[in-house]
Amino acid sequence: MEYDFRKIEKDWQKKWKESNAYRVTNDFSKPKYYVLDMFPYPSGAGLHVGHPLGYIASDIYSRYKRLKGFNVLHPMGFDSFGLPAEQYALDTGQHPAETTKKNIATFKSQLDNIGFCYDWEREVQTSDPSYYKWTQWIFLQLFNSYFCHTEKKALPISLLIKKYETKGAMPKNGEPIPGKHFTAEQWNAFSEKEQADILMNRRLAYCGYGEVNWCEALGTVLANDEVVNGVSERGGHPVVKKKLRQWYLRITEYADRLLEGLNTVDFSDAMKEMQSNWIGKSSGAEIDFGILGFPGSKLRVYTTRPDTIFGVDFMVIAPELDLVNEIRSEEQAVAVDEYLAYVKSRSERERMAEKKISGVFTGAFAVNPFNGARIPIWTSEYVLAGYGTGSIMAVPCGDERDLKFAKHFNIPVTNIIGSHFNGEEANPTKDAILENSGFLDGLVMREAMEVAIKALEDNGIGQRKVNFKMRDAAFSRQRYWGEPFPITWKDGIAKEWTGDLPLVLPDVEKYSPGPDGQGPLANIPEWVAQELETNTMPGYAGSSWYFLRYMDNKNENEFCSRAASDYWNQVDLYIGGTEHAVGHLLYSRMWTKVLYDLGHIGFDEPFRRLVNQGMIVGNSRVINRIQLLSNDDSVISTVFVSVGKNEHSEVDGLDGHDITKKIVDLYFNHVSALALDDIKQVSFSALHVDVNIVDGIELDIQAYKKWRPEYIDAKFFTEDDGRFLCHERIEKMSKRYFNTVNPDDLCAKYGADTFRMYEMFLGPVEMSKPWDTKGIEGVHRFLKKFWRLFADETKGLIVNNDEPTAAELKVLHNAIRKIEQDTERFSFNTGVSGFMIVTNELTDLKCHKRKILEPLLILLTPYAPHIAAELWSLLGNTTFVLDAAYPTFEEKYVKETSKAYPVAINGKTRTELTIALDATQQQVEELVLTDEIVKKWLDGKSPKKIIFVKNKMINVVI
RNA sequence: GCCCCGGUGGUGGAAUUGGUAGACACGCAGGACUUAAAAUCCUGUGACCCGCAACGGUCGUAACGGUUCAACUCCGUUCCGGGGCACCA
């Protein structure tokens, strides 16, 4: 009886499907456990081996929890709106819904091949109207809410309107500021438009204007990574900044709660740190500087270091601020204009990453409010308009970036921190005693901060300010393939659409952009006639709340019933990549908080525990090609050169004609009638070859010629043993590098169980690692060996009912302990090796006893469900192993009375001594000193100290 | 540039709390079985030194420095690789 994994896996997948083995009911009587994978985008390329890494981990954990008696929700669905489908539609005219449908079908069949325990009845797709109906509904909740600063939570905007109608908006103390404050009478007298504008300033989903990367030639907005060196990645067209009307989510109001919430969740410290860095809470002061010659204008800066105000040597304002043009001098006008034009073409990413210092003096001067010093005002791309006030006061002695700028432009540097500043490197210390700092002289910086802020406030030139680096999230896209906003515009006023949700995405003739940077929806006359919003929602809209829909995905009356969300509650375990660290995770945390504030759900953090999976990177194979090109650029002859035959050192130092001659000598002897004069150029290239036709690094030349028939006549210079070897290159797994490996192929060749265990065996889930198919044989061998514990090729089932020995029980219980612990702490790679060890040990013991093997099958079920199910049923069980009870570890079987202690001399292990576990320090010392090897090292001397750590080791210090 | 993570044999990795570095595999080498192959099994395998060998020794976790009886693990500096930086998902 052989391990026929193909038949076994097909049979069991069918059985599980027919019996609805993975259907999850909202059975409120059982304890629940919610395991979630990050939403995949169904790309046209299908799954490669990198995708399922996290899915396998979560599947193992889900099955493990099920064996432990939990009602486990482990759903899967698709984040099916997105740019790639739209781009494909633009290129081919195919409707994104069509291609998306096809892609999803591919993904699902690939996922099923691996044997995941998804309940497909709970599948959701963000582009399905029955789903985005509720995305739109939640958007309206956001639109119709505001953040109350007193209660620090979202409230219905109707309450705010009521307040304005009865009390107005007046300051708690101090004089009302016109334009900001108003009385109830004033409010009631405002026009509808005026009222709408005021309310827009408080809505959680609001409309504003923001700068985007605008590409005139493509007529569209580009993502930062679609812009390279100021031109579009596709086509190389110029890209400039353009202001467009945009929807935003007021996530900044939740900054503090998003920060505090991190204390209540189990995310890695790195993840928490990334999120809090993104939120970027800082405290400091806003300070108003006067501008020489502009009595009405103020230059407002935000600084975290008001104590350094006497060290300000120049100011820098963001180039996009209008102020630049208002204050620039005549002499500097040309230089400023040139610089602004340069910056306009730069993406924010490039500006931040730029090492080269650039900037221009505006010709204007600010005035230090404390000592009246004249401070030159510069503009430079390293200051971004979106941070703080978009202007900074530069203190070169305390800030490295400011110092480099000052040095580059020869701006004199004031030292306010005495010997803490050496003139070479800025020192951001807070411990220096201030000098050259007027009334702050002699104070330690740390303390001077408060004194400075007080002075600013007393003199009315600034105030204490808490600042967040986080900005409100842009929530609209000028695209087709996204959720339409249920919003209409009349006379410049945004109103909730009055029709029934969903507002269905209409079909369009073509997917190209609408006029004036509007999205494709603006091309539809009927849409525009209804005055509907022409933007659509961004990719993260649907993924911000999908974990709630899984709980109750068929509900037509609510996004999710309160009973279902109260039961399933938070996601207990969320698995996904760190690339979502700040985007998706923060938005879904915010949406959860809003839904909680408005009373729709009972918890305000969506994910209790987060585990980050690493990426699987590709392991490409590259071969050397040498071609002779003739004068008309046609190819005369092509050769491929194996790694060891690449004599590039031979041509080092040669040039032009000599290289050609040498190369022809080396590689082109076989070409007859070759005239050197006909050769215009020798071309060297490294070509990616499909990793699937390479064995290790050895190329299958015949397969290559079949794949690339244009090289059918090329000569291959192999190693002396006849093999043709490739170079390796570790890079992103991508179709264009021919380094993708399809899980379907591996499942077909080795089986899903082998594939699952091999992915886990590769290394820790959270670490990135290169893919290498070679090692999969080892895992497959293990499963065959495991099978042979139960069945023999000729004799069939060989399991007996004999009583296990103490040694066998010890092996079993060590395995239970190890595998349970490793599964619990997500160390699946060592879990797999635990299975290998127990299998090796039981094979050595020739143990085929049911009482040992049956519990082992249950342990294996989460990792390799098919083989476990088959053997379970071969043993005569009529129930599914999926619902067996997880074996319990019993200490008594593994108890030891002695241990082989390593004995180190001065920290280096020299020998080993077996000593009773209950031995005392004194007994151990006596034993150690009688040991021959220890005596040898002591060489007659007595040891200074003997360190004995129970159950660990012994160290003799000489 | 800024923030986060990582770097251990030829390869993937193990070492859970500062306590035997290299578990478990891959690969490689040798052997058994076989007419042969596949499959399977056995032995060896970090580098170096001395030696016929048993034994023994030195070095070794990116590099350098520090703390400690003891460092892959803690601290500092540097180098290299990966992820994120707000319209890819």
(message) Taking side-chain contact (heavy atoms from CB on, under 4.5 Å) as the criterion, tell me which of A/Leu586, A/Leu585, A/Leu258 meets it with A/Trp278.
(response) A/Leu586

Please tell me if [X] has a side-chain N or O lying less than 4.0 Å from either OP1 or OP2 of [N].
{"X": "A/Ser768", "N": "B/G7", "value": "no"}
{"X": "A/Arg910", "N": "B/U58", "value": "yes"}
{"X": "A/Arg477", "N": "B/C87", "value": "yes"}

(message) Among residues at least two apart in sequence or on other chains, which ones pass ring-ring contact (aromatic ring centres under 6.0 Å, His included) with A/His580?
(response) A/His584

(request) Map A/Lys732 and A/Asn213 onto RNA chain B by nearest heavy atom, then report which one ends up closer to the 5' terminus. (result) A/Lys732

(message) Please report the distance, rounded to the nearest Å, between CE in A/Met767 and C1' in B/U8.
(response) 10 Å

(request) Specify the residues of residues 816-829 of chain A, ordered by number, for which at least one heavy atom lies under 4.0 angstrom from an atom of RNA chain B. (result) A/Gln821, A/Arg825, A/Asn829

(request) Assign a letter to each nucleotide of nucleotides 25-30 of chain B from its 5' end: B, base within under 4.0 Å of a protein heavy atom; S, sugar-phosphate only; -, no contact. (result) SSS---

(message) Base contacts versus sugar-phosphate-only contacts with protein, heavy atoms under 4.0 Å: please encode nucleotides 45-51 of chain B as B, S and - from 5' to 3'.
(response) -------

(request) State which of B/A89, B/C87, B/C4 makes the closest approach to the side chain of A/Pro84. (result) B/A89

(request) For the side chain of A/Lys945, starting at C-beta, report the closest nucleotide among B/C87, B/C4, B/C69. (result) B/C69

Which part of the nucleic acid, if any, lies within reach of [X] when heavy atoms closer than 4.0 Å are counted: base, sugar-phosphate only, or nothing?
{"X": "A/Val582", "value": "sugar-phosphate"}
{"X": "A/Lys784", "value": "sugar-phosphate"}
{"X": "A/Glu579", "value": "base"}

(message) Stem list for RNA chain B, please, built from Watson-Crick and G-U wobble pairs under 3.5 Å and keeping only runs of at least 3.
(response) B:1-7 with B:79-85, B:10-12 with B:24-26, B:27-32 with B:40-45, B:46-49 with B:56-59, B:62-66 with B:74-78

(request) Determine the interplanar angle of the A/Tyr511 and A/Tyr480 rings, folded into 0 to 90°, and report it as parallel if under 30°, tilted if 30 to 60°, perpendicular if over 60°. (result) perpendicular

(message) Looking only at the aromatic ring of each residue, does the gap between the centers of A/Tyr750 and A/Tyr758 stay below 6.0 angstrom?
(response) no

(message) Distance alone, cut at 3.5 Å: any donor-acceptor contact between the side chains of A/Tyr540 and A/Ser588?
(response) no

(message) For A/Phe81, is there any backbone N or O sitting under 3.5 Å from a side-chain donor or acceptor partner on A/Ser127?
(response) no

(message) For A/Arg621, give me all partners under salt bridge (charged side-chain N to carboxylate O under 4.0 Å, His left out), at least two apart in sequence or on another chain.
(response) A/Glu728

